[in-house]
Amino acid sequence: MKLNELTIKQAQEGLRKKEFSAVELAQACLDRIAELNDTLNVFLTVTAHEALEQAQKVDESIATGEDIAPLAGIPMSIKDIVVTKGIRTTAASKILENYIPPYSATVYQKLIDDGAVMLGKVNLDEFAHGASTENSAFGPTKNPWDTSRVPGGSSGGSAASVSADMCLFSIGTDTGGSIRFPAGFCSVVGVKPSYGRCSRLGLIAMTSSTDVPGPIAKTVEDSAIVLSRIAGCDHRDATTVDREVPDYEKELSRDMKGMKIGIVEEFLSDGIEQDVKHIIEQAIDQLSKMGAEIISLSLPTVPYAMAVYYVITPSEISSNLARFDGIRFGTSRHDQAKDLLDGYKRTRGEGFGAEAKRRIMMGTYALSSGYYDAYYRKAQKVRTKIVQEFQHAFSQVSAVVTPVSPHIPFKIGEKATDPVAMYLEDIYMSPPSLAGLPALSVPAGFIEKDGKQLPVGLQIIGPQFEEARILRVAHQYQMATPWHLQKPSLMTS
Ligand code: GLN
């Protein structure tokens with residue numbers, strides 16, 4: 001096995017036993033990036049020099065027998081919407097093409113303080129608006145399982161970088177599915193923590209009421225290791241909560257006995273591809289064999305989540321993107337403008353891509369006087385009903401499982417001109433986002449298409465702040481199934 005193919009757990013062992021050095025591990029990942037980045041378009045910025053320097057420091061501390069930090073020498077990639085001091089952060093937008101942040105996001109800083117080695121910044125849909133990574137101003141990322149297909153989005157670069165063994169883990173962000181969805185399409189594990197579990201400080205804001213950062217990794221165990229390091233209260237993000245962070249890794253080993261798993265009737269009836277449905281049913285059977293009791297639930301308001309999401313998020317987006325005015329930071333066209341308004345128009349007209357503009361317009365409309373009550377306010381009311389429906393569901397079950405997506409990974413370009421078809425991909429992802437619940441995606445099998453193996457993900461949703469519980473279900477499931485051991489054929493080419 002090559003070093004870049006290791007899991008975090010394996011790499012931690014190997015480093016501790018001095019079987020290889022942190023520099024060798026970082027170099028193996030950098031070689032893999034050099035080999036594949038032109039094909040997959042994953043990294044927007046590679047920080048090779050800094051990575052090797054950081055790895056060197058880790059090797060020195062290992063050599064002197066110092067107490068080594070929890071993630072010492074573990075190579076990672078970071079979604080390019082998480083600000084990194086001194087390192088270009090673009091949000092995959094032309095408007096931030098040359099933006100060098102003066103500070104670092106809390107989650108990134110925590111990982112660096114824990115000794116993780118940053119390899120670079122990875123692609124996404126512009127400002128995280130999308131489900132395919134095609135909305136990037138720097139071109140689409142390709143799915144490692146079939147390069148004619150999308151990796152999912154918006155954290156497509158994160159999921160592809162982990163799936164193609166370019167790094168050991170990545171940090172993505174999830175507003176309405178952006179960690180779970182690409183993790184499902186790339187057959188890796190993606191965890192969206194509860195809203196308030198991990199600091200949003202330094203995430204370039206998309207939808208402030210649902211944005212959360214979280215890990216994408218090769219196994220549930222690795223995700224638990226990373227989540228334990230990034231979770232916690234941050235006095236610079238008032239929406240984080242001061243609750244104890246469990247040792248998620250320790251919690252994994254308890255079995256499934258006594259667990260009640262809910263399945264949502266509404267989600268397994270219409271609109272789902274039969275092959276995907278079949279795989280999800282097999283996964284549910286597997287959970288039942290492992291001792292879980294399966295309970296069928298009806299959540300009648302939850303199918304409206306997607307409509308609610310596409311009123312609330314554009315509203316918040318239109319407000320959050322107002323700061324990109326060409327005056328304070330980022331690309332500016334004010335020098336070519338005849339007056340201030342013309343400067344805004346040129347900067348924003350040239351700087352934003354089509355999807356960001358669409359959302360600014362939809363959001364501005366939904367918030368405008370006369371429409372606010374009919375759209376934004378109504379959507380917030382339905383959101384409250386969704387929260388209540390989940391609360392009621394969790395009085396009956398320990399966790400809820402759904403598919404990640406109703407479809408297999410689709411072809412690049414297939415949905416690019418049909419925004420509604422793209423939005424519909426979020427149907428199972430947006431409900432837990434609106435309710436602030438923890439949810440994850442775990443590999444659940446493959447569908448063969450055009451001679452390629454295309455991944456299918458299982459979503460597991462838990463009550464607020466019960467990350468440990470969903471990680472445990474996912475880990476037990478992963479231990480009983482072989483899906484995470486399968487690698488895209490890029491690996492053997
Ligand atoms: N696909 C969703 C959207 O386009 C989710 C995005 C996200 O979670 N950042 O809004």
Are [X] and [Y] packed together at the side-chain level, in the sense that at least one heavy-atom pair is separated by less than 4.5 angstrom?
| X | Y | answer |
| --- | --- | --- |
| Pro431 | Phe267 | yes |
| Asp450 | Lys411 | yes |
| Asn98 | Thr331 | no |
| Val150 | Pro140 | no |
| Lys79 | Ser170 | no |
| Ile280 | Ile263 | no |
| Pro75 | Leu25 | yes |
| Val387 | Leu434 | no |

- Derivation of the side chain to side chain contact (heavy atoms under 4.5 Å, CB included) call for His129 and Met206: CA-CA 8 Å; His129 306 163; Met206 173 178 164; 3.8 Å; yes
Please confirm whether the backbone N or O of [Y] pairs with a side-chain atom of [X], one donor and one acceptor, at under 3.5 Å?
| X | Y | result |
| --- | --- | --- |
| Thr47 | Leu119 | yes |
| Lys452 | Trp145 | no |
| Ser155 | Ser158 | no |
| Asn123 | Gly139 | yes |
| Ser163 | Ala159 | no |
| Thr141 | Asn41 | yes |
| Lys192 | Gly177 | no |
| Arg180 | Met429 | yes |
| Asn4 | Asp165 | yes |
| Thr7 | Gln10 | yes |

- Item | Qualifying residue for side chain to side chain contact (heavy atoms under 4.5 Å, CB included) with Ile261, from Ile295, Val397, Val473 |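 Exactly one pass, corresponding to Val473.
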Salt-bridged, [X] to [Y], with N to O below 4.0 Å?
| X | Y | result |
| --- | --- | --- |
| Glu355 | Arg359 | yes |
| Glu425 | Lys415 | yes |
| Glu97 | Lys94 | no |

Nearest heavy-atom pair of [X] and [Y]: which atoms, and what distance?
| X | Y | value |
| --- | --- | --- |
| Glu389 | Pro300 | OE1-N, 3.3 Å |
| Thr210 | Arg383 | CG2-NH2, 3.4 Å |
| Ile179 | Pro213 | CD1-C, 4.0 Å |
| Ser441 | Gly457 | OG-CA, 4.4 Å |
| Asn135 | Gly130 | ND2-CA, 3.8 Å |
| Val276 | Ser405 | CG1-O, 3.5 Å |

In terms of relative ring orientation, are [X] and [Y] parallel, tilted or perpendicular, with 30° and 60° separating the classes?
| X | Y | result |
| --- | --- | --- |
| Phe329 | Phe324 | perpendicular |
| Phe185 | Phe181 | tilted |
| Trp483 | Phe446 | perpendicular |

Under 3.5 Å side-chain donor-acceptor pair for [X] and [Y]:
| X | Y | answer |
| --- | --- | --- |
| Glu265 | Ser296 | yes |
| Lys121 | Thr90 | no |
| Asp211 | Thr173 | no |
| Ser398 | Arg472 | no |
| Ser209 | Glu316 | yes |
| Ser77 | Ser161 | yes |

In Å and rounded to the nearest 0.5 Å, what is the [atom1] to [atom2] distance from [X] to [Y]?
| X | Y | atom1 | atom2 | result |
| --- | --- | --- | --- | --- |
| Arg323 | Ile95 | CZ | CD1 | 12.0 Å |
| Thr219 | Leu252 | OG1 | CG | 9.0 Å |
| Ile427 | Tyr309 | CD1 | OH | 13.5 Å |
| Asp80 | Leu96 | CG | CG | 9.0 Å |
| Glu35 | Asn37 | CD | CG | 11.0 Å |
| Ile33 | Gln27 | CD1 | CD | 10.0 Å |

Can you tell me if [X] has over 12 outside heavy atoms packed within less than 6.0 Å of its [atom1]?
| X | atom1 | answer |
| --- | --- | --- |
| Lys345 | NZ | no |
| Tyr304 | OH | no |
| Lys449 | NZ | no |

- Run the side chain to side chain contact (heavy atoms under 4.5 Å, CB included) check on Phe127 and Ile317 step by step: do they pass? CA-CA 9 Å; Phe127 287 106; Ile317 287 166; over 6 Å; no
- Sequence-distant partners of Tyr423, ring-ring contact (aromatic ring centres under 6.0 Å, His included), two or more places apart: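 By the ring-ring contact (aromatic ring centres under 6.0 Å, His included) rule, Tyr423 matches Tyr310.
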- Message: Could you work out, with ring-ring contact (aromatic ring centres under 6.0 Å, His included) as the rule, every residue matching Tyr108, not counting sequence neighbours?
- Response: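 Testing Tyr108 for ring-ring contact (aromatic ring centres under 6.0 Å, His included), a comparison that skips the adjacent residues, returns none.
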- Task: Would you kindly check if the NZ (Lys) or CZ (Arg) of Arg88 is within the cone defined by 45 degrees around the ring axis of Phe138 and under 6.0 Å from the six-membered ring centre?
- Result: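 Pair Arg88/Phe138 counts as cation-pi.
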- Sorted by first residue and then second, give each salt bridge (Lys or Arg N to Asp or Glu O under 4.0 Å) pair with at least one member in residues 124-146; sequence neighbours left out.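 Every salt bridge (Lys or Arg N to Asp or Glu O under 4.0 Å) pair that includes a residue of residues 124-146, provided the two are not neighbours, is Asp146-Arg149.
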- Message: Please determine whether side chain to side chain contact (heavy atoms under 4.5 Å, CB included) holds for the pair Ile225 and Leu71, giving the CA-CA distance in whole Å, both sets of side-chain angles, and the decisive distance to 0.1 Å.
- Response: CA-CA 9 Å; Ile225 293 173; Leu71 290 172; 3.9 Å; yes
- Query: Please walk me through it: do Met259 and Arg469 pass side chain to side chain contact (heavy atoms under 4.5 Å, CB included)?
  - Reply: CA-CA 10 Å; Met259 277 267 184; Arg469 188 188 300 172; 3.7 Å; yes
